[in-house]
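Input: a single structure, listed below in structure tokens.
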Amino acid sequence: MTAERPPGAAPAAVAVLAGPVAHPAVVALAETPQRTYVVLIGEAAETGVLPGFPYGGSGELLTVDLDRCADERQRACADALHSSGSEPAVLTLRRHPGALVVVRRRTARTAEAVVRDGTRLAVTAAGPAPAGRRELRLLASLLHGWLAEGLPVEALRSVRFLGARHGPGQGSPAGDARFRIRSFRRRASLGLSEA
């Protein structure tokens, strides 16, 4: 929440799912310079694939953990990808043309996100411990839903997953996972030519 808002004030905008949620939902607060958005993300069990409902209930989102999902069909159909591997996110996005966004861990506390249009984001864990696989998966889902709603990812300044843990078996006193987000002015070259 921003410091300008009085304690207890509601966020300026709320995203609510139109249909029933088949999986437990995670609540995230996404901050931009203008307002705070509440985002709901459907979540499945701890697997390499996350079917979610991050925007308007318009369908399932397939988020794939490249480190854990060996099924190439799921990788090829993924809407969003995340990984802790060493390959740059730009190269991962080139190899998976169906994905709109890739989130790749760089260090214990940092990650990079690359969007299909070449937008690059630097992501830093702001909590007491590094984010785990679950938080990277939720972040990839949130970014995809944000883009699907037509909102500019360049406007994101921070994301806070309420009740999410920090890393494997760790938790903060408030139980929240937080990320600071900064966009790069220079877009990533995806090596794609215009038709």
Side-chain angles (χ1 to χ4, degrees), residues 1-4 11-13 15 28-39 41 50 52 54-55 61-67 75 78-161 164 166-167 176-195:
M1 298 242 172
T2 59
E4 302 87 39
L29 299 178
E31 298 248 358
T32 68
Q34 292 79 27
R35 64 180 58 144
T36 299
Y37 292 84
V38 175
V39 181
I41 304 170
L50 173 69
Y55 51 92
L61 161 70
L62 183 62
T63 301
V64 173
D65 180 342
L66 293 172
D67 299 333
R75 289 171 171 234
D79 300 301
L81 300 163
H82 67 94
S83 174
S84 296
S86 60
E87 180 181 65
V90 172
L91 296 178
T92 303
L93 205 54
R94 282 184 196 158
R95 289 190 309 104
H96 297 88
L100 183 59
V101 63
V102 173
V103 176
R104 174 82 66 185
R105 182 184 306 281
R106 294 182 63 109
T107 69
R109 300 194 68 80
T110 64
E112 67 174 336
V114 177
V115 178
R116 176 65 50 196
D117 70 0
T119 302
R120 296 172 54 206
L121 303 172
V123 180
T124 305
R133 288 184 192 278
R134 178 174 181 243
E135 290 78 23
L136 289 179
R137 189 171 64 212
L138 291 171
L139 184 61
S141 295
L142 182 138
L143 291 173
H144 183 278
W146 192 265
L147 290 161
E149 285 295 315
L151 299 168
V153 291
E154 296 91 346
L156 283 171
R157 295 296 174 259
S158 69
V159 171
R160 179 175 154 196
F161 295 106
H166 287 275
D176 299 342
R178 302 167 193 235
F179 296 97
R180 286 188 308 275
I181 299 174
R182 180 175 51 88
S183 64
F184 289 93
R185 294 207 184 276
R186 181 175 58 88
R187 289 184 180 267
S189 171
L190 298 179
L192 305 174
S193 60
E194 304 235 352

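The backbone N or O of Leu93 lies less than 3.5 Å from a partner atom in the side chain of Arg116, making a donor-acceptor pair. Side chain of Arg178 to main chain of Arg160: no donor-acceptor pair is present (N/O by atom type, distance under 3.5 Å, no hydrogens or angles).
Arg137 and Thr63 share no donor-acceptor pair across their side chains, judged by distance under 3.5 Å alone.
Closest non-hydrogen pair, Ser84 versus Arg105, comes out as OG-NE, 3.3 Å. Across every non-hydrogen atom of Pro33 and Ala155, the tightest pair is CD-O, 3.2 Å. Here the shortest heavy-atom pairing between Leu142 and Phe161 reads CD1-CE2, 4.2 Å. Closest heavy-atom contact between Ala140 and His82: CB-CB, 4.4 Å. The minimum heavy-atom distance linking Gly85 with Asp67 is given by the pair N-OD1, 3.8 Å. Shortest non-hydrogen contact noted between Trp146 and Pro152 is NE1-O, 3.1 Å.
Here Arg182 pairs with Ala122, Phe184 under the side chain to side chain contact (heavy atoms under 4.5 Å, CB included) rule; sequence neighbours left out. Listed by chain and residue number, Thr110 satisfy the side-chain hydrogen bond (donor to acceptor under 3.5 Å, both in side chains) test with Thr107 (two or more places apart in sequence, or in another chain). By the salt bridge (Lys or Arg N to Asp or Glu O under 4.0 Å) test, Arg106 pairs with Glu112, sequence neighbours left out. Under the side-chain hydrogen bond (donor to acceptor under 3.5 Å, both in side chains) criterion, Arg95 pairs with Glu87, sequence neighbours left out. Here Ser158 pairs with nothing under the side-chain hydrogen bond (donor to acceptor under 3.5 Å, both in side chains) rule; sequence neighbours left out.
Under the side chain to side chain contact (heavy atoms under 4.5 Å, CB included) test applied with His96, the options Leu66, Val64, Val102 reduce to a single match, Leu66. Applying the side chain to side chain contact (heavy atoms under 4.5 Å, CB included) test between Val153 and each of Val115, Thr32, Ile181 identifies Val115 as the sole match. Only one option out of Leu139, Leu100, Leu62 pairs with His144 in a side chain to side chain contact (heavy atoms under 4.5 Å, CB included); it is Leu100.
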Report the C-alpha separation of Glu135 and Phe179 in whole Å, then their side-chain angles, then the decisive distance to 0.1 Å, and conclude whether the side-chain contact (heavy atoms from CB on, under 4.5 Å) test is met. CA-CA 10 Å; Glu135 290 78 23; Phe179 296 97; 3.8 Å; yes
For Val123 and Arg180, what are the C-alpha separation, side-chain angles and deciding distance, and is it a side-chain contact (heavy atoms from CB on, under 4.5 Å)? CA-CA 6 Å; Val123 180; Arg180 286 188 308 275; over 6 Å; no
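Here the side chains of Val103 and Leu143 are in contact, with some heavy-atom distance below 4.5 Å.
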